[in-house]
Amino acid sequence: MVSPVTAPGGEPLVLGIETSCDETGVALVRGRELLVDTVASSMDDHARYGGIIPEVASRAHLEAMIPTLERTLGTADVDLSEVDAVAVTAGPGLVGPLTIGASAAKALALALDKPLYGVNHVIGHAAVDELVHGAFPDRFLSLVVSGGHSSLLLVDDVATSVTELGSTLDDAAGEAFDKVGRLLGLPYPGGPHIDRLAREGDPTAIRFPRGLTARKDQEKHADDFSFSGLKTAVARWVEARTDAGEEIPVPDVAASFAEAVADVLTAKTIAACHRHEVDTLVVGGGFSANSQLRDMAAARCAEAGIELRIPPIRYCTDNGAMIAALGSAVVRAGVAPSSLDIGVDSSMPLTVSHV
């Protein structure tokens, strides 16, 4: 096994590879500085199916990997021999796409005789914020929301000490948006379209339910989320109006639905910050691009005296920068490299930053 990275006289240069879903991401990070981040997306290939097709995504990663790597190195004017470590998403994610990225990372690490670090995709969504807002405080809370995850993490050290406080019991926030988008006849993915329409609608027009917020639920699921019931409530509301021959006010439905999701996410997260006496909140993941979530989080954090850190939208969706950032943090923490025979884990626990 290759020894852990030591970088006398400077920070290590970490190459990050992300292939958990439909984006092929490759990035270079030195310490907490992002040199370049390159992403090739196969989203258009999946749009006609209304969702991600793992086999299609895997083939797209195969085709995009070398060109994306070459573009990253060329943009940064870096030779592969200068890389000190290779970090790759080991999970969670789709097995096929994960395997493509892991295979590429292993080949690079072996050929370059550099250490390999298999890291956690979800924790990477939190780690990427260090590239934007600088070093993390000693303890912070992270809300990671995406198409597959809605998770609350208590972070003492992003590289070595993460506690999962709660997660979604059914649909993740982004998944619920896609399903409601499909219900409203919007193109895939539904999230951006609902977000756009919500800005035109009245968020108070329809009072949709807030899952797991009743007192009996709070006792057992204070830090957990549930959006399946909300999705069903929207479907029934639309169905009732359709059966009555009434026009569906799509912007109002979108705004009221988005308001309900943002309300639950922010209310539960702020309450968790108070319970754990944390005064910094980091929000990440693809769904953190949602404008209502950003606006509500900003307002409620300001009211509660909590520092809110949300990276720019380009770092919220899947990218190589998040993996290189977490890899850099793991290297700086002095963690031993992963074995070259590591596997991928589609359900990698969120308490594990690396394997």
Side-chain angles (χ1 to χ4, degrees), residues 125-130 132-146 149-156 158 162-168 172-174 176-177 191 194-196 198-227 230 252 254-313 315-316:
H125 275 303
V128 73
D129 187 75
E130 260 197 324
V132 180
H133 296 116
F136 289 130
D138 290 340
R139 169 176 272 208
F140 65 93
L141 202 74
S142 181
L143 172 66
V144 178
V145 278
S146 64
H149 303 276
S150 294
S151 303
L152 265 179
L153 308 176
L154 181 63
V155 183
D156 289 295
V158 75
V162 177
T163 303
E164 184 181 17
L165 301 178
S167 63
T168 181
F177 263 66
I194 291 179
D195 191 20
R196 173 179 53 80
R199 298 189 197 110
E200 305 169 9
D202 178 4
T204 66
I206 309 160
R207 176 66 185 183
F208 287 127
R210 272 65 170 162
L212 296 182
T213 57
R215 179 172 297 179
K216 63 180 179 64
D217 294 319
Q218 286 286 63
E219 293 175 1
K220 187 176 180 181
H221 297 291
D223 297 321
D224 292 319
F225 306 102
S226 172
F227 298 110
L230 170 60
D252 287 347
S256 299
F257 165 70
E259 178 84 359
V261 173
D263 184 19
V264 170
L265 288 172
T266 55
K268 282 179 167 273
T269 300
I270 295 295
C273 286
H274 288 317
R275 277 197 306 276
H276 294 278
E277 300 181 342
V278 172
D279 58 10
T280 300
L281 170 63
V282 175
V283 180
F287 186 72
S288 66
N290 178 265
S291 59
Q292 279 176 287
L293 175 62
R294 284 177 171 251
D295 291 346
M296 195 176 291
R300 290 183 170 176
C301 281
E303 183 180 354
I306 296 169
E307 179 189 1
L308 175 63
R309 296 171 48 150
I310 308 182
I313 290 174
Y315 300 125
C316 294

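Since the model is a prediction, treat every value here as computed from it, not as a measurement.
- A172 and S146 get closest at one heavy-atom pair: CB-O, 3.6 Å.
- Of the possible polar contacts, one joining the D252 side chain to the D202 backbone as a donor-acceptor pair under 3.5 Å is found.
- Distance check: I313 CD1 to S291 OG gives 8.5 Å after rounding to the nearest 0.5 Å.
- The distance from atom OG of S167 to atom CG of L153, rounded to the nearest 0.5 Å, is 9.5 Å.
- Side-chain N or O atoms of T280 include none that pairs as donor or acceptor with a backbone N or O of E307 at under 3.5 Å.
- Residue L308 comes nearest to V283 through the heavy atom pair CD1-CG2, 3.8 Å, listed as atom of the first residue, atom of the second, then distance.
- Pairing each heavy atom of C273 with each of L281, the nearest pair is SG-CB, 4.4 Å.
- Between the side chains of D217 and H221, no donor-acceptor pair is found at a separation under 3.5 Å.
- Rounding to the nearest 0.5 Å gives a distance of 8.0 Å between CZ of R300 and CD1 of I270.
- Listed for the R309 side chain is no donor-acceptor partner under 3.5 Å among the backbone atoms of S142.
- A126 and V282 make their closest contact through O-CG1, 4.0 Å (heavy atoms, listed as atom of the first residue, atom of the second, distance).
- M296 CE to T269 OG1: the interatomic distance, rounded to the nearest 0.5 Å, is 12.0 Å.
- Judged as a ring-ring contact (aromatic ring centres under 6.0 Å, His included), and not counting sequence neighbours, the contacts of F136 are F140.
- T168 contributes no side-chain N or O that, together with a main-chain N or O of S150, makes up a donor-acceptor pair within less than 3.5 Å.
- At least one side-chain heavy atom of L265 sits under 4.5 Å from a side-chain heavy atom of F227.
- Atom NE2 of H276 is separated from atom CG of L165 by 4.5 Å, given to the nearest 0.5 angstrom.
- Of all heavy-atom pairs between S288 and L293, the closest is CA-CD2, 4.0 Å.
- Judged purely by atom type and a 3.5 angstrom limit, R139 has no side-chain atom pairing as donor or acceptor with the backbone of E277.
- Atoms CG and CD, on D223 and E164 in that order, are 10.0 Å from each other to the nearest 0.5 Å.
- Counting only distance, with no hydrogens or angles, the side chain of K268 and the backbone of L212 share a donor-acceptor pair below 3.5 Å.
- A heavy-atom distance below 4.5 Å is not found between the side chains of E259 and R207.
- Between H125 and S151 there is no side-chain heavy-atom pair separated by less than 4.5 Å.
- When all heavy atoms are compared, the tightest approach of P203 to Q292 is CB-NE2, 4.1 Å.
- For F287, the ring-ring contact (aromatic ring centres under 6.0 Å, His included) partners are F177, not counting sequence neighbours.
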